[in-house]
Enquirer: 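Let me give you the structure first, and then I'll get to my questions.
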Amino acid sequence: MDKNNLTRRQLLATASVGTIAAVSRSVPAYGNIAKKAGKLARPSTGGLAILGGEPVRKNKSWPQWPHWDQNVIDSVVKTTKSRVWCRIQSSSGTVATFEKEFAQMTGAKFCVATGSGTQALHTCVEALGIDAGDEVITSPYTDPGTIASILAARALPVMADLDTESYQLDPEDVERKITENTKAIMPVHMMGQPCNMERIMEIAKKHNLKVIEDACQAHLAEYQGKKVGTIGDLGCFSFQSSKTIACGEGGAIIGNDEDLMDKCYTVHNHGTSRRGHTEVAGPKYRMNEFEAAVLLGQLPGVQERFARRNENARYLTSRLKDVPGIVPQKLYEGTASGSFYLYATTYLKEHFNGAERSQFLKALNAEGISLSPYIALGLHREPWIEHILSSKVYKKMFSEKRLQRYREETACPNCDKVCDEMAMIWASGPLLGTKEDMDDIADAIQKVYENRDKLRSI
Ligand SMILES: Cc1ncc(COP(=O)(O)O)c(C=O)c1O
């Protein structure tokens with residue numbers, strides 16, 4: 001890596017534990033490329049597989065996801081036989097037990113489990129008193145569940161642009177988007193890696209805003225000595241099948257403020273408090289005992305799986321740092337570990353003889369390695385915006401001038417760039433593989449890079 005091409009922040013990030021390369025995006029001179037290009041762990045024969053050569057990887061499978069073993073089966077069978085299928089039947093059932101264990105794992109004082117990550121986020125929005133006419137600033141590069149949680153409260157999701165190298169919210173654009181109606185920031189820890197929470201918390205404090213961390217992809221990721229989800233006022237997780245802790249559909253809220261977490265319980269329990277009084281308007285978002293049974297069955301071994309994903313990611317990054325034009329996700333200073341829901345890279349076509357990303361991915365796929373683009377457009381370019389802005393509630397709650405400005409402010413050019421250049425692996429299963437599996441990924445990328453002059457014709 002050419003240190004002269006790194007900013008000070010990138011250099012610090014490169015030096016931190018668990019660091020992933022923060023490689024310069026500038027195009028090096030060609031002599032430089034030859035020097036930087038890495039070596040294949042195992043030599044390949046016959047050129048690109050898509051043109052008839054031998055694929056780098058064949059007849060091998062990846063570790064399957066979601067994970068299950070006898071613990072999961074036993075836990076579900078036990079719950080079935082107990083006839084305690086709903087959390088309100090027992091204060092020591094699987095949901096209550098999982099809440100305690102998950103709080104402990106994340107270092108939070110309290111946890112409320114929900115039926116999904118979207119439900120967890122919406123519960124937080126309601127519990128913080130965010131209402132029709134309020135605004136919440138979040139990322140356009142996320143699952144629709146993030147904005148659905150804000151829209152469900154009839155508040156306005158205002159999108160700030162991204163840092164193109166980390167794919168996370170750019171805190172400076174967040175600050176620019178604050179209005180007198182802004183009540184909260186909802187940073188999204190994309191790919192399972194922490195956002196720049198130091199800066200986001202500074203901005204929140206300065207403008208007296210709440211912070212709801214969307215950690216739906218970022219279980220157990222650690223930043224500046226804290227697990228994500230415990231840095232803001234509240235943190236939310238998803239346990240949907242593909243996530244690194246999974247039960248089909250499920251979610252959780254964590255937090256340290258007892259009163260606020262009690263409010264979350266009340267909201268998610270159709271407005272009825274732990275004391276049995278129906279106090280506020282609230283949906284019914286309770287996790288059921290079977291979902292928690294799957295989660296409890298999956299917890300043994302969870303730390304080892306996270307450690308393995310981090311170790312494999314470190315190794316993969318160390319191999320990819322020598323491939324010009326493939327730039328692994330930038331991590332912020334203070335990132336000690338990630339969840340690695342996705343292992344994400346930026347594809348820079350100028351290093352691949354101008355070949356389109358689709359041509360690169362096609363060639364890579366033929367080598368037996370599936371990388372994909374991920375989010376196609378970004379939420380700022382989806383049709384929901386017009387639907388919302390023409391709805392009766394929004395027209396009543398926001399002035400015409402505000403809605404017009406909202407329309408104009410939805411441009412997020414950095415997010416567009418990230419959508420166009422992303423090349424990622426769904427990592428929950430694959431990153432549990434062996435070092436040889438990681439070598440297959442890196443070798444295939446390296447091989448396609450070495451044959452980049454052939455890509456534009458495929
Ligand atoms: C960043 C992010 N936020 C929110 C959600 C919503 O979670 P769920 O699908 O459990 O409702 C997801 C799920 O993929 C997500 O990735």
Side-chain angles (χ1 to χ4, degrees), residues 65-66 95 98 102 111-126 136-153 157 159-160 162 166-169 184-195 197 200 211-221 228-229 231-232 234-254 264 268 283-288 290-292 294-295 298 329 338-344 372-380 382 384 415 418-419 422 424-429:
W65 197 259
V95 175
F98 174 74
F102 194 64
C111 173
V112 172
T114 59
S116 71
T118 308
Q119 293 177 8
L121 289 163
H122 178 215
T123 301
C124 295
V125 170
E126 296 283 350
V136 179
I137 302 176
T138 191
S139 170
Y141 195 69
T142 181
D143 181 84
T146 307
I147 58 155
S149 73
I150 302 165
L151 293 170
M159 277 153 293
L162 307 185
S166 68
Y167 326 132
Q168 314 283 11
L169 265 183
I185 306 171
M186 192 181 278
V188 188
H189 302 292
M190 280 309 278
M191 320 303 191
Q193 304 296 347
C195 293
M197 286 305 289
I200 286 171
V211 175
I212 304 167
E213 289 177 72
D214 181 341
C216 284
Q217 302 188 352
H219 319 70
L220 306 187
V228 302
I231 304 165
L234 293 165
C236 295
F237 297 85
S238 165
F239 304 117
Q240 178 269 339
S241 287
S242 61
K243 302 299 188 306
T244 52
I245 301 176
C247 67
E249 297 282 5
I253 304 161
I254 58 172
C264 288
H268 107 299
K284 189 178 172 207
Y285 282 168
R286 296 191 302 240
M287 177 178 276
N288 77 54
F290 292 102
E291 289 161 340
V294 173
L295 292 169
Q298 208 177 83
Q329 181 177 13
S339 192
F340 289 102
Y341 172 53
L342 307 174
Y343 181 91
S372 29
Y374 199 36
I375 292 168
L377 292 179
L379 291 171
H380 64 301
E382 295 282 356
W384 66 272
C415 181
V418 170
C419 291
M422 174 59 53
M424 64 82 190
I425 305 162
W426 295 101
S428 298

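On a predicted model such as this, the values are computed, not experimentally measured, just so you know. Order of listing sets the numbers, starting from 1, for every ligand and every atom in it.
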Enquirer: For the residue pair Thr146 and Thr138, confirm or rule out a side-chain donor-acceptor distance under 3.5 Å.
Expert: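 No, because no side-chain N or O of Thr146 sits under 3.5 Å from a partner of the opposite role on Thr138.
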Enquirer: Taking side-chain hydrogen bond (donor to acceptor under 3.5 Å, both in side chains) as the test, write out the residues that go with Glu291, two or more places apart.
Expert: none
Enquirer: Please tabulate, one line per pair, the protein N or O atoms found under 3.5 Å from any N or O atom of ligand 1, giving the distance to one decimal.
Expert:
| residue | atom | partner | partner atom | Å |
| --- | --- | --- | --- | --- |
| ligand 1 | 3 (N) | Thr146 | OG1 | 3.3 |
| ligand 1 | 3 (N) | Asp214 | OD1 | 3.2 |
| ligand 1 | 3 (N) | Asp214 | OD2 | 2.7 |
| ligand 1 | 10 (O) | Gly117 | N | 2.8 |
| ligand 1 | 10 (O) | Ser238 | OG | 2.7 |
| ligand 1 | 11 (O) | Gly117 | N | 3.4 |
| ligand 1 | 11 (O) | Thr118 | N | 2.9 |
| ligand 1 | 11 (O) | Thr118 | OG1 | 2.5 |
| ligand 1 | 14 (O) | Asp143 | OD1 | 3.4 |
| ligand 1 | 14 (O) | Lys243 | NZ | 2.6 |
| ligand 1 | 16 (O) | Gln217 | NE2 | 2.9 |

Enquirer: Once ring-ring contact (aromatic ring centres under 6.0 Å, His included) is applied, do any residues pair with Phe102, and if so which ones, sequence neighbours excluded?
Expert: Phe98, Phe237, Phe239
Enquirer: With Trp65, which residues qualify under ring-ring contact (aromatic ring centres under 6.0 Å, His included), at least two apart?
Expert: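 Testing Trp65 for ring-ring contact (aromatic ring centres under 6.0 Å, His included), a comparison that skips the adjacent residues, returns none.
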Enquirer: Keeping the roles fixed (side chain from Trp426, backbone from Ser372), state whether a donor-acceptor pair exists under 3.5 Å.
Expert: no
Enquirer: Between the side chains of Thr123 and His268, does any donor sit under 3.5 Å from an acceptor?
Expert: no
